[in-house]
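A quick write-up on the structure given underneath.
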There are 2 protein chains.
Amino acid sequence: MKRDSRLSSVLHALLHMAEQDGPVTSDTLAECLGTNPVVVRRTMGYLREAGIVASDRGHAGGWRISADLADVTLRQLHEALGEPAMFAIGNRNENPACLVEQVVNAALEDTFAEAEALLLERFSDITLADLAADFARRHAAARRRRKH
Amino acid sequence: MKRDSRLSSVLHALLHMAEQDGPVTSDTLAECLGTNPVVVRRTMGYLREAGIVASDRGHAGGWRISADLADVTLRQLHEALGEPAMFAIGNRNENPACLVEQVVNAALEDTFAEAEALLLERFSDITLADLAADFARRHAAARRRRKH
DNA sequence: TTCAAATGCAACATCGTAAGTTACATGAAA
DNA sequence: TTTCATGTAACTTACGATGTTGCATTTGAA
């Protein structure tokens, strides 16, 4: 299964942007992420539509976070990306005439719906500020280790 | 995302087999599932390795369930299929040097691990016998409706 | 014995989609 | 007016489940 890593990508990008003073260019972000600037623009474009980031063209342009870090949850980011499918496992046929298959679908759908609800709930609880704080903690710890 | 529907497929096949007296051929199952007999053999082969079904060659051959319906859980089937990835969303890079990305990965991994644990727990609770009973219930209800 | 019906399996083709790439237009600051 | 940046369309690539073809093998019945 090929996984959608856009949520991971935008989180990585946003935290780097949060560490930076001015705007960050697509080229810089692409280097951080190990990808192509066009891919960065394409993916960050979804966040711009959702009002989470802004982009400036021309000299000294690039990407900025246009929201409060404490207000942006993983769930919002997931929604901004178009709520891609969470699961790599699914029903063979979504609207079967076969009664047997309906039973199978119902059982799987119920189970996956419960798991998706849990995921969305956790996503709602995690903000960019939480992750930035986690980073700051680890960063300080790493610096202490280097001193010894 | 292209989803893995093998779990759905084998459940559908197993319930049809449970309704049947003798062995069921790959051709018959393929028709039920709307697919190709070779795909059926390939997928059911995993269940044979796990001891859940058996296959007979030659005349009057086909597939049989070789376990008690009440003993086979969705979790066992998932394991028999090689425990395919549950999620269509994942980290961009599994072993990043970047501390920022490590923080992102950890947050996502924790969340998805919790959801996966929930899924596996639910899968452990559902047996083929449960689904067969559910089918029998719906089947009877549908027959009653037709009488009116 | 022979034939037909079934699985076993290897090799290859198809398909869908995120990701990657190329090319060029557009806008903003020096 | 030149340079640096994004915006975007069009195309290619990568990948794995799924689909397909072909043939060997086994089994029961005529």
Side-chain angles (χ1 to χ4, degrees), chain A residues 1-10 12-13 17 20 22-49 53-64 66 78 81-94, chain B residues 1-10 12-13 17 20 22-49 53-64 66 78 81-94:
Chain A
M1 268 287 89
K2 199 168 193 174
R3 289 165 129 181
D4 182 341
S5 61
R6 288 178 302 169
L7 181 59
S8 164
S9 292
V10 299
H12 188 176
M17 288 159 66
Q20 214 67 26
V24 183
T25 66
S26 303
D27 275 72
T28 303
L29 289 175
E31 195 145 3
C32 287
L33 303 186
T35 181
N36 189 295
V38 178
V39 174
V40 171
R41 285 185 205 118
R42 184 191 297 158
T43 311
M44 296 295 284
Y46 291 108
L47 306 194
R48 181 182 48 220
E49 285 173 27
V53 301
S55 56
D56 299 314
R57 279 143 79 120
H59 265 284
W63 298 89
R64 306 173 272 114
S66 60
H78 174 66
L81 292 173
E83 306 193 55
M86 293 268 203
F87 300 104
I89 291 178
N91 294 329
R92 175 175 190 85
N93 177 350
E94 287 304 333
Chain B
M1 265 285 88
K2 199 166 192 174
R3 288 166 131 181
D4 182 341
S5 61
R6 289 179 301 167
L7 183 57
S8 165
S9 292
V10 299
H12 188 176
M17 288 159 66
Q20 213 67 27
V24 183
T25 65
S26 304
D27 275 73
T28 303
L29 289 175
E31 196 146 358
C32 287
L33 303 185
T35 181
N36 189 296
V38 179
V39 174
V40 171
R41 286 186 204 116
R42 184 190 294 155
T43 311
M44 296 296 283
Y46 291 108
L47 306 194
R48 182 181 47 219
E49 284 173 27
V53 302
S55 58
D56 300 313
R57 293 164 119 176
H59 263 284
W63 298 89
R64 303 174 274 113
S66 59
H78 175 66
L81 292 173
E83 305 192 57
M86 294 267 203
F87 300 105
I89 291 179
N91 295 327
R92 177 178 187 81
N93 176 350
E94 287 305 333

Could you give the [atom1]-to-[atom2] distance, from [X] to [N], as a whole number of Å?
X        : N       : atom1 : atom2 : answer
Ile89(A) : dA17(D) : CD1   : C1'   : 12 Å
Asn93(A) : dA17(D) : CG    : C1'   : 17 Å
Leu81(B) : dT18(D) : CG    : C1'   : 14 Å
Asn91(B) : dA18(C) : CG    : P     : 17 Å
Asp27(A) : dA5(D)  : CG    : P     : 7 Å
Trp63(B) : dT27(D) : CH2   : P     : 15 Å
Leu29(A) : dG20(C) : CG    : P     : 14 Å
Leu47(A) : dT6(D)  : CG    : C1'   : 15 Å

Respond yes when some side-chain nitrogen or oxygen of [X] is under 4.0 Å from OP1 or OP2 of [N], and no when none is.
X        : N       : result
Ser26(B) : dT7(C)  : yes
Arg64(A) : dA5(D)  : no
Ser5(A)  : dA19(C) : yes

- prompt: Checking side chain to side chain contact (heavy atoms under 4.5 Å, CB included) against Val53(B), which of Val24(B), Val10(B), Leu47(B) comes through?
  reply: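 Only one of Val24(B), Val10(B), Leu47(B) forms a side chain to side chain contact (heavy atoms under 4.5 Å, CB included) with Val53(B), namely Leu47(B).
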field: Residues in side chain to side chain donor-acceptor pair (under 3.5 Å) contact with Ser5(A), at least two apart in sequence or another chain
entry: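 Here no residue qualifies.
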Within this structure, what is the [atom1]-[atom2] distance for the pair [X] and [Y], rounded to the nearest 0.5 Å?
X        : Y        : atom1 : atom2 : answer
Met17(A) : Met44(A) : CE    : CE    : 4.0 Å
Arg41(A) : Asp27(A) : CZ    : CG    : 6.5 Å
Leu81(A) : Thr43(A) : CG    : OG1   : 7.5 Å

- prompt: Heavy atom of residues 32-43 of chain B under 4.0 Å from DNA chain D: which residues?
  reply: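 By residue number: Thr35(B), Asn36(B), Val38(B), Val39(B), Arg42(B).
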- request: Select base, sugar-phosphate, or nothing to describe what Gly45(B) touches, counting heavy atoms under 4.0 Å on all strands.
  value: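 No contact.
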field: DNA chain C: 5'-proximal contact among Ser9(A) and Ala60(A) (nearest heavy atom)
entry: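 In this pair, the answer is Ser9(A).
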What are the atom names and distances for every N/O pair under 3.5 Å that joins the protein to nucleotides 25-27 of chain C?
from    : atom 1 : to       : atom 2 : distance (Å)
dT26(C) : O2     : Arg57(A) : NH2    : 3.3
dG27(C) : O4'    : Arg57(A) : NE     : 3.1
dG27(C) : O4'    : Arg57(A) : NH2    : 2.8
dG27(C) : N2     : Gly58(A) : N      : 3.2

